[in-house]
Protein chains: 4
Amino acid sequence: MGKRERTKAENRQAILDAARLVFAELGYGETTVRDIIRRTGLASGTFYNYFKSKEEVFQALMDASALRMRPRIRAERIRAANFEEFISASFRAYFDYIAQDEEMHRIIRRKSGAMRVRMDTPEVVAVFDELHLDIERAIAQGVLPNVDPDYLTAAFVGIAFEVGDIMQTRDPFDADEAAEFATKLFLGGVNALPRLPETK
Amino acid sequence: MGKRERTKAENRQAILDAARLVFAELGYGETTVRDIIRRTGLASGTFYNYFKSKEEVFQALMDASALRMRPRIRAERIRAANFEEFISASFRAYFDYIAQDEEMHRIIRRKSGAMRVRMDTPEVVAVFDELHLDIERAIAQGVLPNVDPDYLTAAFVGIAFEVGDIMQTRDPFDADEAAEFATKLFLGGVNALPRLPETK
Amino acid sequence: MGKRERTKAENRQAILDAARLVFAELGYGETTVRDIIRRTGLASGTFYNYFKSKEEVFQALMDASALRMRPRIRAERIRAANFEEFISASFRAYFDYIAQDEEMHRIIRRKSGAMRVRMDTPEVVAVFDELHLDIERAIAQGVLPNVDPDYLTAAFVGIAFEVGDIMQTRDPFDADEAAEFATKLFLGGVNALPRLPETK
Amino acid sequence: MGKRERTKAENRQAILDAARLVFAELGYGETTVRDIIRRTGLASGTFYNYFKSKEEVFQALMDASALRMRPRIRAERIRAANFEEFISASFRAYFDYIAQDEEMHRIIRRKSGAMRVRMDTPEVVAVFDELHLDIERAIAQGVLPNVDPDYLTAAFVGIAFEVGDIMQTRDPFDADEAAEFATKLFLGGVNALPRLPETK
DNA sequence: AATGAATGAGCGTTCATTCAT
DNA sequence: AATGAATGAACGCTCATTCAT
């Protein structure tokens, strides 16, 4: 099948897929539009039928990913009987996600030298945003003590990101183990947290 | 004073300072050598009297930073009466460090849109490495229970990085508060962590 | 007609033509890729759609020229009844060739000051190679006495090059006259040459 | 002895010596002023105390060389009993000269790839000029028949240059043999040359 | 006179982007 | 809609040259 016969949707997806891999491999800053289209096999001009710039593909990638992650996290939240279960499920969802993305993982590992350039992947952003809302809600509902919601979300994200990173270096790696570690640490920490003064 | 009168040391420092800011603003990948020298007001060729490439400035920056952070953390470790104090002091050292770097902070904030690109700054790397050793030592000495040292270090770094990031967005911001939050969360979490099976 | 409408072949040829002139004018070493494309009126980047480097254009030029000169000399060799006629025809072919290249000639003259930088033009190389084989063959067949074939070829080339050079400075110039001079000198000289000892 | 104590004359000579080698190695066009001064061990700025540019060193080199070659050729002319001896001595002087310049020779050989770039060395120019006058004089005095003096000089130079080139590729090489070859060829050729019509 | 850092023009090359086909 | 050659801005880097020391 020549490129001509591919549907618009297929070409668009091909570009997005290529972009995801190349961003992961080279980092956003060092990725060129040419790198992306080279991976698709499409002609250079064709890129501009779908996206105006590198920035725009990246944005589309973010949106697409959020679309995949958000429903999973929402489902977990609904299923979760309590905050503990929700946190546990969120970590697990994130670790499962990066665990399953084998190709991405291999590419990233091949590259990382002394200097690691990390980009907020769409997945992290999705988790981050969703979680932030949930934590604020939990505090409002008294499910959580009155801690600083921004810092707490940040801590969750930081743990997820860094522990996930280490997890991926292990061979074989165990997403459940990582999720249990992160969950225990995070929840244990939450209980020890200083309460903010009540703003009555 | 013309650039010709400046001492070599001053010009070298001017380039390093500019590089730090530009790396922070644009990320390593998107920074060009010309971006750096433009900020110094020096002529383009002058850059190459001091550094062979972008990579080399970055490396110099790393080395210089490690030189500043490492002794601080070592001093804290020696002063610390126990693990709790050591962790607390480490968070505080890191938050103090980024707190004081006002200009860098303003620049980073100006840029960060939807996409945050984070680079392991020399400071983070220094903290990370030092800490990793300390945690392993603490476990070996029985000061810490037998937890996974890599994950634990990763969690510390993640919390420091992300909470520090949020802290910097606040005006005014309070490094002590952030350090207390991070310390409590982390230490509370450590106590709740699953022990690894003893490898007797 | 805009450059965009030109066929690929035309643009490629335009670059080759420009390169020939610029190499002749400035010498290979002092010619820059930009000198070449400036002469074509194409954009700088366009050069790299056709050639990877200055070296590559030069090579292409060599190949093209050899293709033009070699068949002419071969034809002469076949037509020639004897060695004298072959030498005469070869000089004539070379002088005709440079005589006809009016533009090249004007350019070279404009430049040559005290310092002449001469490059083995593709034409010279073509003549040289062809001739070397022919002289060796002539000796092997007893047509020529047993003289040093390398030196004899070199002498032919030297005479052709330098006499051709002088010829081009004359206005008007006479390729037949130059060819007659060179032929007589060369053939007269060959007869006076010391024979190498027979290696029987 | 530091560079400071060197006399002006010594530094000037050091630059000239370095320039000769570098020109021979890289060719005029590809030689940079930096290449030259690097070879001397002097500071870059110092070059400009002695010469205004690469062109000027080259010119000085020409002049110096002419000064060395001219007297030799003049001496030969005076000693020579006839035109034959003069030609023979001139070829010998030239071949001896390039033969003896061992270092230059080695350098040139190391470089020459498929593409030979030849520069009129000062020596060639000196021989050329001197010879041109002598040939004209010989014709005027009836020692030589009425041939074209420009072409004849050119032929001499061409033979000298190319045969000398080949000679240098041989190991070991024999300047006497080369000189004998060139002389015989040239003189044999002269006798066979067409006479120009007398311009009475 | 000698030094060597600063300068900025210019080079080879890559790149995002345009546009005729 | 897809193509890929043309474009020219911008990049990393080198160089001749200047000039304060």
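Within every chain, numbering begins at 1; the chains are lettered A, B, ... in the order of the sequence lines, protein sequences first and strands thereafter.
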N/O (side chain, [X]) to phosphate O (OP1/OP2, [N]) under 4.0 Å:
| X | N | answer |
| --- | --- | --- |
| D:T46 | E:dT3 | yes |
| B:N11 | E:dA5 | no |
| C:N49 | F:dA5 | no |

My understanding is that only residues two or more places apart in sequence, or in another chain, count here; which of them pass salt bridge (Lys or Arg N to Asp or Glu O under 4.0 Å) with [X]?
| X | value |
| --- | --- |
| A:R38 | A:D35 |
| C:K8 | none |
| A:K54 | B:E30 |

Problem - Residues in side chain to side chain donor-acceptor pair (under 3.5 Å) contact with B:Q13, at least two apart in sequence or another chain - result: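 Result, side chain to side chain donor-acceptor pair (under 3.5 Å) vs B:Q13: B:D17.
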
Practice task
Kindly determine whether D:V33 and D:F51 satisfy side-chain contact (heavy atoms from CB on, under 4.5 Å), including the steps that lead there.
Solution key: CA-CA 10 Å; D:V33 171; D:F51 301 98; over 6 Å; no

[atom1] of [X] versus [atom2] of [N]: gap in Å, rounded?
| X | N | atom1 | atom2 | result |
| --- | --- | --- | --- | --- |
| D:E30 | F:dC15 | CD | P | 11 Å |
| A:I37 | F:dG4 | CD1 | P | 10 Å |
| C:F51 | E:dG12 | CZ | C1' | 16 Å |
| C:R12 | F:dA6 | CZ | P | 13 Å |
| C:K8 | E:dA20 | NZ | P | 19 Å |

Exercise for the section: Classify the ring geometry between B:Y28 and B:F23 as parallel (under 30°), tilted (30 to 60°) or perpendicular (over 60°). Expected result: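 Aromatic pair B:Y28/B:F23 classed tilted.
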
Problem - Interatomic spacing from OG in B:S53 to OH in B:Y48 - rounded to 0.5 Å - result: 8.0 Å

Problem - Atom pair CG/CG of D:L16 and D:L21 - distance to nearest 0.5 Å - result: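 So the gap between those two atoms works out to 11.0 Å.
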
Mind listing the N/O atom pairs, protein and nucleotides 9-13 of chain F, below 3.5 Å?
from   : atom 1 : to    : atom 2 : distance (Å)
F:dA9  : N6     : C:S44 : OG     : 3.4
F:dG12 : OP1    : B:V33 : N      : 2.8
F:dG12 : OP2    : B:V33 : N      : 3.3
F:dG12 : OP2    : B:R34 : N      : 3.2
F:dG12 : N7     : B:R34 : NH1    : 2.5
F:dC13 : OP2    : B:Y48 : OH     : 3.2
F:dC13 : N4     : B:R34 : NH1    : 3.3

Problem - With C:I37 via side chain to side chain contact (heavy atoms under 4.5 Å, CB included) - residues at least two apart - result: C:T40, C:S44, C:F47

Practice task
Convert the base pairs of DNA chain E into dot-bracket notation, remembering that pairs crossing earlier ones are written with [ ] and that bases paired across to another strand are shown as |; include only Watson-Crick or G-U pairs under 3.5 Å.
Solution key: .||||||||||||||||||||

Practice task
Kindly point out which of E:dT3, E:dA5, F:dA5 is positioned nearest to the side chain of B:Y50?
Solution key: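 Taking heavy atoms from C-beta onward, the closest nucleotide is E:dA5.
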
